[in-house]
Amino acid sequence: VRNAQYGSNIAQYLVDLHDSHATFDFCGGMMFELELSPVLREKLLAVAQNGGAQPTVHDAATPMMRQVPGYNKDAFADDVVYFHGREVRQVKDAA
């Protein structure tokens with residue numbers, strides 16, 4: 001369904017997931033929600049609407065970061081292949 005609606009516009013897909021407060025079931029019961037920072041959301045929206053480098057999606061054949069081509073264990077982030085993020089758990093009023 002995603003491919004039919006978004007094609008290769010991964011940036012729009014990520015923005016829509018954020019805007020709809022979509023939740024995901026990770027490892028059979030640990031629910032999580034994608035929450036973009038306002039700056040990243042605007043950057044992805046600009047890419048979605050005006051073109052630019054789309055975020056890279058890796059399939060199940062790449063289950064670990066160290067398997068991503070060009071990966072180094074450092075602070076580099078380009079908002080295309082590598083993103084900075086954080087995990088926040090047990091939020092009292094989460095959706």
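Here the structure is a predicted model, which is why all the values come from computation and not from measurement.
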Problem - Check: Ala75 main-chain N/O paired with His84 side-chain donor or acceptor under 3.5 Å - result: yes
Handout entry: Main-chain N/O of Ala11 paired with Gln54 side-chain donor or acceptor, under 3.5 Å
Key =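 Yes, because the side chain of Gln54 sits within donor-acceptor range (under 3.5 Å) of the backbone of Ala11.
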Handout entry: Sub-4.5 Å side-chain heavy-atom contact between Leu45 and Gln12
Key = yes
Would you say [X] and [Y] are hydrophobically clustered, going by side-chain heavy atoms of ILVMFWY under 4.5 Å?
{"X": "Phe32", "Y": "Leu14", "value": "yes"}
{"X": "Leu34", "Y": "Leu44", "value": "yes"}
{"X": "Val57", "Y": "Met64", "value": "no"}
{"X": "Ile10", "Y": "Phe24", "value": "yes"}
{"X": "Tyr13", "Y": "Val81", "value": "no"}

Completion exercise
Connected to Val39, directly or through other members, by ILVMFWY side-chain contacts below 4.5 Å are none
Nearest non-hydrogen partners of [X] and [Y], listed with the distance:
{"X": "Met31", "Y": "Thr23", "result": "CE-OG1, 3.7 Å"}
{"X": "Ala22", "Y": "Glu33", "result": "O-CG, 3.4 Å"}
{"X": "Ala53", "Y": "Val80", "result": "CB-CG2, 3.8 Å"}

Exercise for the section: List for me each residue that meets side-chain contact (heavy atoms from CB on, under 4.5 Å) alongside Tyr82, sequence neighbours excluded, and say none if there are none. Expected result: Met65, Val68, Tyr71, Phe76, Asp78
Exercise for the section: Could you go through the side-chain contact (heavy atoms from CB on, under 4.5 Å) check for Arg41 and Asp19 one step at a time? Expected result: CA-CA 9 Å; Arg41 184 190 177 283; Asp19 290 351; 2.9 Å; yes
